[in-house]
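A quick write-up on the structure given underneath.
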There are 2 protein chains.
Amino acid sequence: MEMKNSPAQHIAALIERIGRLLSTEAHAEGLLPVQWEALRYLDKANRFSRTAAALTAYLGLTKGTVSQSLNTLEAKGLVKKLVNRKDRRSKHLSLTAKGQKLLLRDPLNVTVAVLDELEGVPQRTLTTALESLLTSRLGAQGRQPFGQCRDCCYFANRHPKGNPHYCQLLGEKLAESEAAAICFEQTTKRA
Amino acid sequence: MEMKNSPAQHIAALIERIGRLLSTEAHAEGLLPVQWEALRYLDKANRFSRTAAALTAYLGLTKGTVSQSLNTLEAKGLVKKLVNRKDRRSKHLSLTAKGQKLLLRDPLNVTVAVLDELEGVPQRTLTTALESLLTSRLGAQGRQPFGQCRDCCYFANRHPKGNPHYCQLLGEKLAESEAAAICFEQTTKRA
DNA sequence: TCCTATTAGTATTGAGTCGATACCATTAGG
DNA sequence: CCTAATGGTATCGACTCAATACTAATAGGA
């Protein structure tokens, strides 16, 4: 006996359908869905996490695929690669001015606008529920959460003024603006 | 000046990431994501809506693509096609016993299980918010909602006992069990 | 200091999606 | 009847993505 159309099944179906809709919508401005995701990631990730390897883990793809997409974005002049001096295997990625500008026409913005009209309470419920769903599913696959720096167990709020924050894992000072960036190494604080 | 990381942006990013995760997870049992969606659709759709054309509209793809996927499913013995006698252009689709059985191993079930552990209130908030998001985005693209029969403006609850329901659009009687099925023609009742 | 294992990234190949187009058969509407 | 319009199929090409094999740089021992 199956439980047809349980609330949970319905929610799962909704998420899958919306995901499909977002993905077909993301064929825009000459870019493909994965390329938009890469642009968004590079816009939100902190400086330690703007590498092909981190992006690969974020997207859950293989590195070959990601390398290809990054080449396309570089050829379009949206992303720059810079060899890391401390580790010359790795390349530091960043958005060009053109890449930044293109994000203003991100096809996801229409959806963001719709979500923006929700009241605060549904917004918070959605955020909490979707976050716990994502974290749980990622955890089951042994993948990192890519949460915000400020929610990390290595995040030290040491100097309220001056040099406000510090990463205890990488041993680096963090600017105020970096606290909200997403990080490859992020390990969520225990409650 | 962009509004980085607004709550709405965060929610949109979560949905897109979960969508991507579900899609990579749906490479299972020798099927592909779109094929799983087709199986689920055929399991939930009412008898008027189990056609390639309706599935095409549901998925938002082109009919060629859907035809191909259905051929694959038919070749695997998961789906049956039957020519409609009233309109011999169209074919009626249905799951075979093997197809039904395979749905028990649907990779989406893991996610359903996680969602099932939410409390009732977050579940209802999620449902409402995601439904309105989906409806709004579908509407903007001129696509049908594919809602449940019972929420349709053509749904008549005429005979509480006996032959309980009736579709005023198609002029057909509806069994009790069909009221919760999703329908191609569904047009949501105004509030 | 080697020597090996690991890691970052690239290149290539092949299966498969998806959109576009063209096409056939059936039905609907003047 | 004749001409759309509709349901479905077949084929082609661009592209994704996984898999594999590869190069270069680094890390960690003995």
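Quick note on labels: first sequence line is chain A, next is B, and so on, each numbered from 1.
- In this model, a side-chain donor or acceptor of A:Lys63 finds a partner on the base of C:dG9 within 3.5 Å.
- If you check every strand for non-hydrogen atoms under 4.0 Å, B:Thr51 touches sugar and phosphate atoms only.
- Residues A:Ser132 and A:Thr135 have side chains that never bring a donor and an acceptor to within less than 3.5 angstrom of each other.
- Rounding to whole angstrom units, CD of residue A:Glu74 and P of C:dA11 are separated by 10 Å.
- The phosphate of C:dG9 (OP1 or OP2) has no side-chain N or O of A:Asn71 nearer than 4.0 angstrom.
- Counted by atom type alone, B:Asn71 and B:Lys76 present zero donor-acceptor pairs between their side chains at under 3.5 Å.
- The side chain of A:Gln35 places an N or O atom within less than 4.0 Å of a non-bridging phosphate oxygen (OP1 or OP2) of D:dT16.
- Protein atom CD of B:Glu37 is 9 Å distant from nucleotide atom P of C:dC18, rounded to whole Å.
- Judged by closest nucleotide on DNA chain C, A:Lys81 is the one of A:Thr24 and A:Lys81 placed further toward the 5' end.
- Under a hydrophobic clustering in which Ile, Leu, Val, Met, Phe, Trp and Tyr are joined whenever their side-chain heavy atoms come within less than 4.5 Å, directly or via other members, B:Tyr41 and B:Leu103 fall into the same cluster.
- Straight-line distance from the CG atom of A:Leu59 to the C1' atom of D:dA18: 15 Å, rounded to whole Å.
- Under a cut-off of 6.0 angstrom, the local environment of CD in A:Gln141 is crowded, with over 12 non-hydrogen atoms contributed by other residues, nucleotides or ligands.
- Distance, B:His92 NE2 to D:dG8 P: 11 Å, rounded to whole Å.
- You'll find that the side chain of B:Ala53 is closest to D:dG8, out of C:dT17, C:dC18, D:dG8.
- Seen from the ring of A:Tyr58, B:Arg20 does not count as a face-on cation partner, given the 6.0 Å and 45° thresholds.
- Atom C1' of nucleotide C:dC18 and atom CZ of A:Arg20 are separated by 10 Å, given to the nearest angstrom.
- To the nearest 0.5 Å, atoms CG (B:Asp116) and OG1 (B:Thr111) are separated by 12.0 Å.
- For C:dA8, the OP1/OP2 oxygens have no side-chain nitrogen or oxygen of A:Arg50 closer than 4.0 Å.
- For the pair B:Thr62 and C:dG19, the criterion of a side-chain N or O lying under 4.0 Å from OP1 or OP2 is met.
- Counting only heavy atoms from C-beta on, A:Ser90 has its side chain closest to C:dG9 among D:dG8, C:dC18, C:dG9.
- Under a 4.0 Å N-O distance rule, the pair B:Lys81/B:Glu74 qualifies as a salt bridge.
- Distance, A:Gln68 CD to C:dA11 P: 10 Å, rounded to whole Å.
- Atom CG in B:Leu73 sits roughly 16 Å away from atom C1' in D:dT9 (whole-Å rounding).
- The side chain of B:Ser67 contributes an N or O atom lying less than 4.0 Å from OP1 or OP2 of D:dT9.
- The distance between atom CG of A:Leu70 and atom P of D:dT16, rounded to the nearest whole Å, is 12 Å.
- Using a 4.0 Å heavy-atom distance criterion, B:Val34 is classed as a sugar-phosphate-only contact.
- Between B:Asp87 and B:Ser90, the side chains place no donor N or O within less than 3.5 Å of an acceptor N or O (distance only, hydrogens not considered).
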Please tabulate the protein-to-nucleotide N/O contacts below 3.5 Å involving nucleotides 23-26 of chain D, giving atom names and distances.
from	atom 1	to	atom 2	distance (Å)
D:dT26	OP1	A:Arg88	N	2.9

